[in-house]
Each structure stands twice: as C-alpha cells, then as structure tokens.
Amino acid sequence: GENVEQHPSTLSVQEGDSAVIKCTYSDSASNYFPWYKQELGKGPQLIIDIRSNVGEKKDQRIAVTLNKTAKHFSLHITETQPEDSAVYFCAAILSGGSYIPTFGRGTSLIVHP
Amino acid sequence: GAGVSQSPSNKVTEKGKDVELRCDPISGHTALYWYRQRLGQGLEFLIYFQGNSAPDKSGLPSDRFSAERTGESVSTLTIQRTQQEDSAVYLCASSLLAGVAYEQYFGPGTRLTVT
C-alpha cells in the first residue's frame with residue numbers, strides 16, 4: 001500500500017518568514033495530493049490540493065509543488081503569520097477508487113510574532 | 001450551515017469496557033469516513049460508507065471495532081473491550097459524494113482515553 005513520509009515534524013519560524021513542508025510517497029499510481037491544516041481542538045481542514053497533471057498550484061500565500069518523477073510534493077507558505085500556527089498534514093490518494101487518503105505524520109508549524 | 005458534529009467530545013473509559021462514538025454528518029452528504037489519530041501521528045483510515053453500498057472496512061484494526069450508519073445520516077463507531085492502545089482522537093468526515101472532486105469536511109473529533 002501507499003506510504004507517505006512528511007518532514008519536518010516541527011518547524012519554528014519568525015513572522016514574515018517562509019515555511020516549507022515536504023512529503024514523499026511510495027505508490028506512483030497516486031494522483032491526488034491534498035494538504036490539511038489542523039488547529040488545536042479542531043478537525044483537519046483542506047487548504048490546498050494538487051493533481052498529478054499539474055506541477056504547481058498557488059492560492060494567495062500558499063503554494064504546493066509536485067514532482068511526480070521523484071514522488072515528492074511540498075507545501076510553501078510565504079509571509080507567515082501567527083495564525084498560520086497549526087499542524088499541517090499531507091496526503092496521497094489514488095483517485096477513481098474509494099478516495100481513502102494515506103496521511104503523513106504531520107508538521108507542527110509555530111510562527112513566532 | 002452546520003458542519004460535522006461528533007459526540008462526546010471527550011470520553012474516559014476503563015479498560016475492557018465498550019464505547020460508542022457518534023458522528024452527525026453534514027445533511028445531504030452521502031459519504032462518511034472514520035479515522036483514528038494517535039498522539040503525534042497522522043490520520044489512520046478506519047471505515048468508509050458511501051450511500052447504500054457495503055462499507056469499506058479495510059482499515060478496522062481488529063474485530064473489536066465496528067461501525068454502523070443509518071441511511072445517509074448518523075454513524076456510530078463502537079469499540080468493544082477497549083484496550084489502552086485504543087486511546088486516540090477519533091475523527092469523522094463527510095463529503096457530498098466519494099471522490100477527489102468532493103472535499104471531506106471533518107468534525108472536531110472525540111478524544112478517547114482508556115485507563
């Protein structure tokens with residue numbers, strides 16, 4: 001089955017800096033890659049996603065890049081703000097099936113004011 | 001509108017007892033998923049319901065775990081003879097349909113502690 005590795009487990013940055021979280025996956029058939037943000041005491045919330053036919057996608061301060069050859073995908077947050085502090089999860093999915101994601105272990109992002 | 005709700009928010013139980021966790025999906029959502037989140041870990045898929053189709057139970061860790069769903073509404077996850085390793089946050093999610101075109105909306109979770 002699919003295996004998703006996520007790094008780093010903890011990331012501490014100063015407000016205004018950029019943050020990058022990286023994931024690798026094992027199943028080359030996976031073709032959909034969502035990113036979730038989980039705030040304390042809440043369920044995860046989808047923040048951005050990318051499909052395998054696209055190399056990069058941006059939404060304001062958030063971007064995701066995908067390298068299918070290397071089976072890597074990354075989340076980039078620019079101009080970080082304290083409210084970006086949360087746990088971020090990547091996932092990999094083989095679409096066309098039951099849409100069961102395999103999640104990474106999460107990255108705790110701390111943005112210091 | 002109302003999101004996914006789960007109850008209870010916290011549950012403390014003694015080892016060996018049975019527990020029931022409830023999920024109320026967003027109205028009209030035909031797909032419902034249960035996940036387990038252990039401390040410091042990612043989400044583990046447990047079971048998934050899509051409409052009236054047979055549920056996908058491939059993620060259930062043992063036969064102590066079961067889940068039911070009444071039509072396209074409430075779902076209950078039952079853990080029998082709880083063990084300490086069952087301690088985790090149990091998350092429920094729903095989506096309009098199953099498939100990558102349909103976002104999964106998560107509830108706040110039930111934190112289960114087995115003493």
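Chain letters run A, B, ... following the sequence lines, proteins first, then strands; residues in each count from 1.
Contacts between A:Gln38 and chain B at a heavy-atom distance below 4.5 Å involve the side chain alone, from C-beta outward. When heavy atoms are compared at a cutoff of 4.5 Å, A:Leu46 approaches chain B by way of both its backbone and its side chain. Heavy atoms of B:Gln37 lying under 4.5 Å from chain A belong exclusively to its side chain. Looking at B:Gln50, neither its backbone nor its side chain comes within 4.5 Å of chain A, counting heavy atoms on both sides. For B:Leu91, the part lying under 4.5 angstrom from a heavy atom of chain A is the side chain only. Heavy-atom distances place the side chain of B:Tyr35, and not its backbone, under 4.5 Å from chain A.
When side chains are defined from C-beta on, A:Lys22 counts as touching A:Val20, because their heavy atoms get closer than 4.5 Å.
Between B:Tyr90 and B:Phe65, the angle of the ring planes lies from 30° to 60°, which puts this pair in the tilted group. Ring geometry for A:Tyr25 against A:Phe33 counts as tilted: the plane angle lies between 30° and 60°, on a 0 to 90° scale. Ring orientation note: the planes of B:Tyr48 and B:Phe45 are tilted relative to one another, at an angle of 30° to 60°.
The aromatic ring centres of B:Phe106 and B:Tyr33 sit 6.0 Å or more apart.
Between the OG1 atom in B:Thr78 and the CG atom in B:Leu21 there is a gap of 7.5 Å [rounded to 0.5 Å].
Listed by sequence position, the residues of residues 52-79 of chain A in contact with chain B number zero, using a 4.5 angstrom heavy-atom cutoff.
Using a 4.5 Å cut-off between side-chain heavy atoms of Ile, Leu, Val, Met, Phe, Trp and Tyr, with links allowed through other members, A:Ile48 and A:Tyr88 fall into the same hydrophobic cluster.
Taking a cutoff of 4.0 Å between a charged side-chain nitrogen and a carboxylate oxygen, B:Arg22 and B:Glu20 do not qualify as a salt bridge.
For the disulfide bond (SG atoms under 2.5 Å apart) condition, the pairs that include at least one residue of residues 73-115 of chain B, sequence neighbours left out, are B:Cys23-B:Cys92.
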